[in-house]
Amino acid sequence: MSAPQNHPYHLVDLSPWPLTGALGALITTTGLAKWFHQFNPDLFLLGLLVLVMTMIQWWRDISREGTFQGLHTTQVTKGLRWGMILFIISEVFFFISFFWAFFHSSLAPSVEIGMMWPPMGIQPFNPMQVPLLNTTILLASGVTVTWAHHSLMEANHSQTTQALILTVLLGLYFTALQALEYYEAPFTISDAVYGSTFFVATGFHGLHVIIGSSFLTVCLLRHIRYHFSPNHHFGFEAAAWYWHFVDVVWLFLYISVYWWGG
């Protein structure tokens, strides 16, 4: 239990989760390197297990602090908002680096790839098929998450639940289609700079969709347990912001990588 305090800030208690999270990340990256070189994913799977267990317990503690212990005051929530805003800005620059690499290679193709884009021998995806369907799915999910947000602000519990379920299902559908697209891809990540920029950019976006789907699933479970109110629901709001960011990044990916770059 925290000691009594006369200020609106949240001084967190000692927690093991930053340490276990860092160890999980170290084990995961080391295991990934081992998997690449020795074709043994055991260490990678162990790292993932440590990370998942850490996330579940860390999120559980944060939910308790904000919902039952009343530690997320107005001042604390303001800090959380700025933290999420700065995190999304950092993610924007993360993806800018991928777009920079893509346009650097595509606007002035080097002689090593035949001075043409896409390089000779690369058959890109048809942007009017699965990529267009995925675009429609993500745009629809942006509508449903906004529907959930407005329903929550109007204290409509059932519609918020329905809209969140739809959003999560659309996110899972997007991930399944992208996995199918990767499985049927006529080129690989080792096929010149086109393959590397395509799979790194779209792959990291796919990872963000999985993270966003997990984020929204946690919000759905919390909403079912009445953790949110019309005036106190920043956990959901942060998830909605993140999901809209994922939507916007996909639009740029679709236009530049699939449509223009193909």
Side-chain angles (χ1 to χ4, degrees), residues 84-110 112-147 149 166-216 238-262:
M84 192 64 192
I85 289 169
L86 292 173
F87 170 68
I88 290 176
I89 290 173
S90 73
E91 291 281 270
V92 169
F93 282 95
F94 179 72
F95 276 98
I96 283 176
S97 64
F98 300 144
F99 284 108
W100 189 302
F102 176 80
F103 284 112
H104 174 81
S105 303
S106 60
L107 289 174
S110 64
E112 287 81 7
I113 59 173
M115 301 183 69
M116 60 183 295
W117 193 264
M120 186 174 294
I122 298 289
Q123 181 181 354
F125 289 102
N126 186 341
M128 295 296 112
Q129 294 178 352
V130 174
L132 182 60
L133 176 58
N134 268 343
T135 304
T136 307
I137 290 168
L138 275 192
L139 290 176
S141 71
V143 173
T144 55
V145 80
T146 303
W147 170 27
H149 193 188
L166 278 174
T167 307
V168 171
L169 289 176
L170 288 168
L172 295 176
Y173 186 28
F174 177 94
T175 301
L177 283 175
Q178 189 171 39
L180 177 65
E181 183 181 66
Y182 280 9
Y183 181 76
E184 297 182 343
F187 56 90
T188 69
I189 195 171
S190 60
D191 281 326
V193 70
Y194 183 91
S196 60
T197 53
F198 175 87
F199 281 106
V200 167
T202 60
F204 268 111
H205 177 268
L207 176 63
H208 282 69
V209 171
I210 294 172
I211 294 170
S213 300
S214 305
F215 203 169
L216 289 168
W241 290 356
Y242 188 84
W243 197 253
H244 288 308
F245 158 73
V246 169
D247 285 351
V248 172
V249 169
W250 176 257
L251 289 177
F252 281 100
L253 278 173
Y254 176 73
I255 292 170
S256 58
V257 176
Y258 284 98
W259 183 63
W260 179 85

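We number each residue from 1, following the sequence as shown.
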Closer than 3.5 angstrom, by distance alone: can the side chain of [X] be matched with the main-chain N or O of [Y] as a donor-acceptor pair?
{"X": "Tyr182", "Y": "Gly203", "answer": "yes"}
{"X": "His205", "Y": "Leu253", "answer": "no"}
{"X": "Glu91", "Y": "His208", "answer": "no"}

message: As a quick check of understanding, evaluate side-chain contact (heavy atoms from CB on, under 4.5 Å) for Leu166 and Trp147, giving each step before the final call.
response: CA-CA 10 Å; Leu166 278 174; Trp147 170 27; 3.7 Å; yes
query: Taking C-beta and beyond as the side chain, do Ile88 and Met84 meet within less than 4.5 Å on heavy atoms?
result: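 Ile88 reaches Met84 side chain to side chain.
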task: For residues Gly142 and His244, report the shortest heavy-atom separation together with the two atoms involved.
output: O-CE1, 3.6 Å
query: When rounded to the nearest 0.5 angstrom, what is the spacing between CG in Leu172 and CD1 in Ile210?
result: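 Output value for this atom pair is 9.0 Å.
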field: Check: Trp250/Thr135 side-chain N/O donor and acceptor closer than 3.5 Å
entry: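 Note: Trp250 and Thr135 side chains meet the donor-acceptor criterion.
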- request: Please work out which of the three classes, parallel, tilted or perpendicular, describes the rings of Phe99 and Phe103, given edges at 30° and 60°.
  value: parallel
query: So Tyr258 and Phe198, would you call those rings parallel, tilted or perpendicular, with 30° and 60° as cut-offs?
result: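 It falls in the perpendicular class, over 60°.
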Full working for side-chain contact (heavy atoms from CB on, under 4.5 Å) between Leu216 and Tyr242: CA-CA 10 Å; Leu216 289 168; Tyr242 188 84; over 6 Å; no
message: With ring pair (Phe, Tyr, Trp, His ring centres under 6.0 Å) as the criterion, how do Tyr194 and Phe102 come out once you've worked through the C-alpha distance, each side chain's angles and the decisive distance to 0.1 Å?
response: CA-CA 8 Å; Tyr194 183 91; Phe102 176 80; 7.1 Å; no
- request: List the steps, then state whether ring pair (Phe, Tyr, Trp, His ring centres under 6.0 Å) holds for Phe94 with Phe87.
  value: CA-CA 10 Å; Phe94 179 72; Phe87 170 68; 10.0 Å; no
- prompt: Where do Phe215 and Trp243 land on the ring pair (Phe, Tyr, Trp, His ring centres under 6.0 Å) test, with the steps shown first?
  reply: CA-CA 9 Å; Phe215 203 169; Trp243 197 253; 9.9 Å; no
- prompt: Under the side-chain contact (heavy atoms from CB on, under 4.5 Å) criterion, do Leu138 and Asn134 qualify, and how do the steps go?
  reply: CA-CA 6 Å; Leu138 275 192; Asn134 268 343; 6.0 Å; no
query: Can we call the ring centroids of Phe95 and Phe204 under 6.0 Å apart?
result: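 Aromatic pair excluded; centres sit 6.0 Å or further apart.
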